[in-house]
Amino acid sequence: MFSVFVPSDFSLKKAVAVDLGALPESAVWIDLVKPTPEEDKAVERLAGIAVPTREDMQEIEISSRLYIENGARYMTATLMCHSDTDMPRTTAVTFILAGHRLVTVRYDTPRPFALVEHKLARSCSPSISGEMVLMELLDAVIDRAADILERCAAEIDQVSHEIFEPESARQGHAKQYSQILIEIGRKGDLASKVRESLVSIGRVVTFLSAVMEGVKWSKDMREQLKTMQRDVVSLTDHASYLSNKITFVLDAMLGVVNLEQNNIIKLFSVMAVVLMPPTLIASIYGMNFKKMPELEWAHGYPMALVMMLAAAVVPYLIFRWKKWL
């Protein structure tokens, strides 16, 4: 499936191509979504380019992601998808600038594409070009990454508050440590994916800055490209900071879990020590020897109970005095 965007008057009309052999020559943006071989060939005939396959887009070498071929500039970036769900993932998207026409190839639905489509469908210049559409897409991708990082930072702060809440607030309810650990893991995965996406976008922006030296781009577009570079650098630093913070929160969470386990073990140890002397007394007077003077004593039973009670209370009071409890 693919969409062709043709500037008309002061709007951008979107039309889904039906006749593959009749693609409009005035198209400035051809968006290929899970293209078939027939659609690839039709776009190749119109734009005079070679559309990369999905396997080509998965390559991680810089030379396979950023290159120039037959005058067309190929740029493959990793974008975020489904970041609002519990299972965010990344997808490879290829941007191809051939002349003043932009061809995008993707196999998923990153939200920035829908946002740019709606924006250009509402209003755009009649002189819009593929370079302008590319700048809009890159700007939307960077804004989307910033939004994801802001949301991730707020959620990490919430998790941190749950971990470091006052001791008085923690008592009276069982803390769901397993759920907190799962939440920390999800945020760490999300932050790492956003950073991966920002690194790839930064490479695309740097590549564009290098190849545009011989291209007559407007001053506004050059300034916008520099702004994007600064934004990508700052967002990448922020993503690294978030990753470090998530690591700290995870270590703190594991420390809290260890403290809770140590407290439980300490409680059992204290109970064992407190109950040991009474058990010893009861064991002594439970032996079946004939010659035990205390067995004939009228007050032997209550005396044994008092001894067992005192043997339990005295160690407990010593532990409290030493502040071991």
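Side chains are part of it too, since the values below use all heavy atoms of this structure and drop only hydrogens, waters and symmetry mates. Sequential numbering from 1 along the given sequence is applied to the chain's residues.
- In summary, of the residues considered (Thr206, Val205, Asp220), a side-chain contact (heavy atoms from CB on, under 4.5 Å) with Leu225 occurs for Val205 alone.
- At least one side-chain heavy atom of Val159 sits under 4.5 Å from a side-chain heavy atom of Ile163.
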Report task. Tell me, with the steps shown, if Met75 and Thr94 meet side-chain contact (heavy atoms from CB on, under 4.5 Å). Result -> CA-CA 6 Å; Met75 297 157 286; Thr94 298; over 6 Å; no
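- Here CG of Leu305 is found 10.5 Å from CE of Met307. Values are rounded to the nearest 0.5 Å.
- Scanning both residues, Met57 and Thr76, for their nearest heavy atoms gives O-CG2, 3.7 Å.
- A donor and an acceptor atom, one from each side chain of Ser63 and Glu61, are nowhere located under 3.5 Å apart.
- At a threshold of 4.5 Å between side-chain heavy atoms, the hydrophobic network of Ile, Leu, Val, Met, Phe, Trp and Tyr places Val233 and Phe207 in two separate groups.
- Within the 3.5 Å criterion, the main-chain N or O of Met135 finds no donor-acceptor partner in the side chain of Asp139.
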Report task. Report the C-alpha separation of Ser83 and Arg144 in whole Å, then their side-chain angles, then the decisive distance to 0.1 Å, and conclude whether the side chain to side chain donor-acceptor pair (under 3.5 Å) test is met. Result -> CA-CA 10 Å; Ser83 59; Arg144 178 62 178 165; 2.9 Å; yes
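- Residues Pro110 and Arg106 come closest through the heavy atom pair CD-NH1, 4.0 Å.
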Query - Chi angles and distances behind the side-chain contact (heavy atoms from CB on, under 4.5 Å) call for Val249, Lys187 - result: CA-CA 11 Å; Val249 172; Lys187 300 312 169 190; over 6 Å; no
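- Considering CD of Gln229 and CD1 of Ile142, their distance stands at 9.5 Å, rounded to 0.5 Å.
- Summarising the geometry, atom CD belonging to Gln179 is positioned 9.5 Å from atom CD belonging to Glu162; distances are rounded to the nearest 0.5 Å.
- Two residues are said to be in side-chain contact when any heavy atoms from C-beta on lie closer than 4.5 Å; Val28 and Arg101 fail this criterion.
- Expressed to the nearest 0.5 Å, how far OG1 of Thr247 lies from CD1 of Ile184 amounts to 10.0 Å.
- Both Tyr67 and Ile49 are part of a single hydrophobic cluster, where members link through side-chain heavy atoms under 4.5 Å apart.
- Without hydrogens or angle criteria, Ser160 side chain to Ile156 main chain gives no donor-acceptor distance under 3.5 Å.
- Listed here is the closest heavy atom pair of Leu32 and Asp40: CD1-OD1, 4.1 Å.
- The side-chain heavy atoms of Leu181 and Leu250, taken from C-beta on, include a pair separated by under 4.5 Å.
- Of the possible donor and acceptor atoms, none in the side chain of Ser64 sits under 3.5 Å from a partner among the backbone N and O of Ile60.
- In summary, the side chains of Thr227 and Arg230 do present a donor paired with an acceptor at a separation below 3.5 Å, with no hydrogens or angles considered.
- Between Leu208 and Leu134, the closest side-chain pair of non-hydrogen atoms falls below 4.5 Å.
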Requested in this report: Please step through side-chain contact (heavy atoms from CB on, under 4.5 Å) for the pair Val93 and Val141, ending with a clear verdict.
Outcome: CA-CA 11 Å; Val93 177; Val141 169; over 6 Å; no
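- A donor atom on one side chain and an acceptor atom on the other are not found under 3.5 Å apart for Ser234 and Asp237.
- The side chain to side chain contact (heavy atoms under 4.5 Å, CB included) check on Arg54 picks up Gln58, Tyr107, with sequence neighbours excluded.
- No continuous path of ILVMFWY side-chain contacts below 4.5 Å connects Leu309 to Met276, so the two sit in separate hydrophobic clusters.
- The aromatic rings of Phe95 and Phe113 sit parallel, their planes meeting at an angle under 30°, below the 60° perpendicular limit.
- The cluster map of Ile, Leu, Val, Met, Phe, Trp and Tyr, joined by side-chain heavy atoms under 4.5 Å apart, puts Val256 and Phe248 in the same cluster.
- Note on Met221 and Leu120: same hydrophobic cluster, where clusters join Ile, Leu, Val, Met, Phe, Trp and Tyr whose side-chain heavy atoms are under 4.5 Å apart, directly or indirectly.
- If you take OG on Ser243 and NE2 on His238, they are separated by 10.0 Å, rounding to the nearest 0.5 Å.
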Query raised in the report: How far apart are the C-alpha atoms of Asp189 and Lys193, what are their side-chain angles, what is the distance that settles it, and do they pass the salt bridge (charged side-chain N to carboxylate O under 4.0 Å, His left out) test?
Result: CA-CA 6 Å; Asp189 179 62; Lys193 284 182 168 59; 2.7 Å; yes
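- Listed here is the closest heavy atom pair of Ala50 and Ile96: O-CD1, 4.5 Å.
- Without hydrogens or angle criteria, Ser197 side chain to Thr78 main chain gives a donor-acceptor distance under 3.5 Å.
- With a 4.5 Å cut-off on side-chain heavy atoms, Leu102 and Glu131 do not count as touching.
- Scored by the side chain to side chain donor-acceptor pair (under 3.5 Å) test, Gln224 finds no partners at all (sequence neighbours excluded).
- Between Pro88 and Thr85, the shortest heavy-atom contact is CD-O, 3.7 Å.
- What you find for Arg151 and Asp84 is that their closest heavy atoms are NH2-OD1, 3.3 Å.
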Requested in this report: Apply side-chain contact (heavy atoms from CB on, under 4.5 Å) to the pair Asp108 and His82, showing each step before the final yes or no.
Outcome: CA-CA 10 Å; Asp108 215 317; His82 309 286; 3.5 Å; yes
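- In this structure, the separation between CG on Leu242 and CD on Glu155 is 11.0 Å, given to the nearest 0.5 Å.
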